[in-house]
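Presented below is the structure to which this report refers.
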Amino acid sequence: MTNSPLISVIVPIYNVAAYLPRCVDSILAQTYKNLEIILVDDGSTDNCLEICQQYAQKDNRIKVIHQENKGVSAARNAGLDNMHGDFVAFVDPDDWLAENAYEILIDLHQKTGADIAWGVLLYNTSKKESNIPPHFQFPTENTEHLTIEEVLCSGNLHCVDKMYAAKLFSPRLRLNEKLSFSEDLDLILRIVPKANFVAFTDLPIYYYFMRSGSITHAPSVSDLSNDIHVWHKIYTFTKKKNLTKAISPITCTFIGVQCAFIVAVILEDRQNQYTFSCLQTGTWLRHNIKHLLFNSPMGWPGKIFMLFPLFFPYLAKWLFRLPGIHFLLRKQFNTRFAPKSKTV
């Protein structure tokens with residue numbers, strides 16, 4: 001390739017020694033070789049730092065940063081502060097890449113001139129090696145020139161399946177370190193409007209490992225509180241900019257997040273917070289009830305579950321104390337809500 005821009009690949013690392021070699025090996029095996037690989041050890045208490053240092057001794061493209069534990073956003077920001085690439089990409093340390101991932105994204109950029117090149121992310125479970133295909137819904141057939149509205153319509157807003165022009169992170173655009181959940185959604189909302197446009201390819205580039213015990217596998221009330229905060233920002237942005245094509249899918253997703261939050265409150269037995277959250281969100285959902293009834297992909301049992309506690313919070317508070325209800329909710333919660341971001 002005559003024109004070979006440098007890609008800075010940032011990997012935030014915390015206590016994932018069992019998975020880290022697979023991740024780093026997949027980066028080193030890339031068919032596109034002009035890489036700067038920044039491994040940020042975020043105060044791991046296992047032997048992650050030692051593994052990083054061993055890899056750095058074998059390949060001079062690898063740079064290791066060690067810091068006290070500050071969270072995934074701070075780790076990614078440390079990588080951004082020390083990168084020198086023309087483009088930036090993020091990889092979570094328990095995930096891995098297709099061997100031609102960055103060749104695909106560079107080719108897509110050179111073909112279209114897009115500031116953000118985007119490939120397909122496939123989910124991979126810990127129980128069996130089976131990929132769950134994503135469901136992208138673009139309101140256009142020209143996926144090589146996507147606008148912010150068309151990106152939001154897709155409903156898939158990860159940060160790890162994209163490659164970004166480094167200039168988009170200036171002046172000092174960084175991840176929000178106050179967020180412990182959905183920090184990548186927040187980044188996408190702020191960085192995509194700065195890009196000239198986004199180019200998407202339907203080729204798979206990234207394998208997202210859904211391991212049991214990770215935060216996204218069973219998010220807590222505090223995690224989903226962050227999720228609601230970020231999706232409210234996205235919803236407000238969509239309405240303010242009058243992005244008519246995106247309003248319905250964003251509203252439906254926001255409804256799902258509200259539902260997940262209420263389920264988490266029930267599972268953690270936070271009765272007072274449950275009643276408050278139902279009353280707090282009831283007005284908003286009543287104003288958007290047509291989206292819930294006619295546009296949401298949620299099945300009718302889920303729709304009834306959403307409406308019942310929001311209109312009858314005190315009756316629902318009593319109902320959800322009945323034996324067996326927690327088991328059914330936990331089963332539904334763990335199988336119906338796909339992760340939107342991952343903190344490692």
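- Remark: Tyr206 OH to Ser26 OG distance equals 8.5 Å, nearest 0.5 Å.
- Residues Ile234 and Leu152 are in side-chain contact: their nearest non-hydrogen atoms beyond the backbone lie under 4.5 Å apart.
- To the nearest 0.5 Å, atoms CG (Leu80) and CD1 (Ile10) are separated by 4.0 Å.
- Neither Ile205 nor Leu108 shares a network with the other; the hydrophobic side chains, linked directly or stepwise wherever heavy atoms of I, L, V, M, F, W or Y lie under 4.5 Å apart, form separate groups for each.
- Asp86 places no side-chain N or O within 3.5 Å of a backbone atom of Pro5 that could act as its donor or acceptor partner.
- Within a 6.0 Å radius of NZ in Lys33, more than 12 heavy atoms belonging to other residues, nucleotides or ligands are found.
- At a threshold of 4.5 Å between side-chain heavy atoms, the hydrophobic network of Ile, Leu, Val, Met, Phe, Trp and Tyr places Ile27 and Leu6 in two separate groups.
- Of all the heavy atoms in Asn34 and Ser4, the pair that sits closest is ND2-O, 2.6 Å.
- When all heavy atoms of Leu121 and Asp161 are compared, the closest pair comes out as CB-OD2, 3.7 Å.
- Counting only distance, with no hydrogens or angles, the side chain of Gln54 and the backbone of Leu49 share no donor-acceptor pair below 3.5 Å.
- Between the side chain of Lys162 and the backbone N or O of Ile116 there is no donor-acceptor pair closer than 3.5 Å.
- Cation-pi check for Arg22 over Phe209 is met; the charged atom lies under 6.0 angstrom from the ring centroid and within 45 degrees of its normal.
- A donor-acceptor pair under 3.5 Å links the side-chain atoms of Glu36 to the main chain of His84, judged by distance alone.
- Residue Tyr14 comes nearest to Ser44 through the heavy atom pair CA-OG, 3.2 Å, listed as atom of the first residue, atom of the second, then distance.
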Residues Ser182, Asp227; criterion side-chain hydrogen bond (donor to acceptor under 3.5 Å, both in side chains); working and verdict: CA-CA 5 Å; Ser182 295; Asp227 208 16; 2.3 Å; yes

Kindly indicate, with the supporting measurements, whether the criterion side chain to side chain contact (heavy atoms under 4.5 Å, CB included) is fulfilled by Leu28 and Ile62. CA-CA 9 Å; Leu28 295 177; Ile62 295 177; 4.0 Å; yes

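- To the nearest 0.5 Å, atom CG of residue Asn226 and atom CD of residue Glu183 are 9.0 Å apart.
- Under a 4.0 Å N-O distance rule, the pair Lys111/Asp107 does not qualify as a salt bridge.
- No donor-acceptor pair closer than 3.5 Å links the side chain of Lys245 to the backbone N or O of Phe138.
- Nearest heavy atoms, Ile104 versus Pro204: CD1-O, 4.4 Å.
- Contact check for Arg76 versus Asp92: side-chain heavy atoms found under the 4.5 Å cut-off.
- A distance of 4.0 Å separates CD1 of Ile65 from CG of Asn82, quoted to the nearest 0.5 Å.
- Residue Asn142 comes nearest to Thr140 through the heavy atom pair N-OG1, 3.1 Å, listed as atom of the first residue, atom of the second, then distance.
- Side-chain contact between Leu20 and Cys52 is present, with heavy atoms from C-beta onward closer than 4.5 Å.
- Here Trp96 contributes atom CH2 and Asn124 contributes atom CG; the two are 4.0 Å apart, rounded to the nearest 0.5 Å.
- Counting heavy atoms from C-beta on, the side chains of Leu105 and Tyr32 never come closer than 4.5 Å.
- Under a hydrophobic clustering in which Ile, Leu, Val, Met, Phe, Trp and Tyr are joined whenever their side-chain heavy atoms come within less than 4.5 Å, directly or via other members, Phe200 and Phe197 fall into different clusters.
- The main-chain N or O of Asn196 is found under 3.5 Å from a side-chain atom of Asp115 such that the two form a donor-acceptor pair.
- Geometric assessment of Lys58 against the ring of Tyr55 yields a positive cation-pi assignment under the 6.0 Å and 45° thresholds.
- Between Asn69 and the options Thr45, Asp42, Asn15, a side chain to side chain donor-acceptor pair (under 3.5 Å) holds for only Asp42.
- Counting only distance, with no hydrogens or angles, the side chain of Asn77 and the backbone of Leu175 share a donor-acceptor pair below 3.5 Å.
- What you find for Ala17 and Asp46 is that their closest heavy atoms are N-OD2, 3.2 Å.
- In this structure a side-chain-to-backbone donor-acceptor pair under 3.5 Å is present from Tyr164 to Cys159.
- To the nearest 0.5 angstrom, Thr238 atom OG1 is 5.5 Å from Leu243 atom CG.
- In the hydrophobic cluster analysis, where Ile, Leu, Val, Met, Phe, Trp and Tyr join through side-chain heavy atoms closer than 4.5 angstrom, Leu122 is grouped together with Phe90.
- Distance alone, capped at 3.5 Å, places no donor-acceptor pair between the Gln30 side chain and the Glu103 backbone.
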Trace of the salt bridge (Lys or Arg N to Asp or Glu O under 4.0 Å) decision for Arg174 with Asp81: CA-CA 9 Å; Arg174 295 293 184 266; Asp81 292 340; 3.0 Å; yes

Show, in sequence, the C-alpha distance, side-chain angles and deciding distance for His158 and Tyr208, and conclude whether the ring pair (Phe, Tyr, Trp, His ring centres under 6.0 Å) test is met. CA-CA 10 Å; His158 298 276; Tyr208 184 108; 5.4 Å; yes

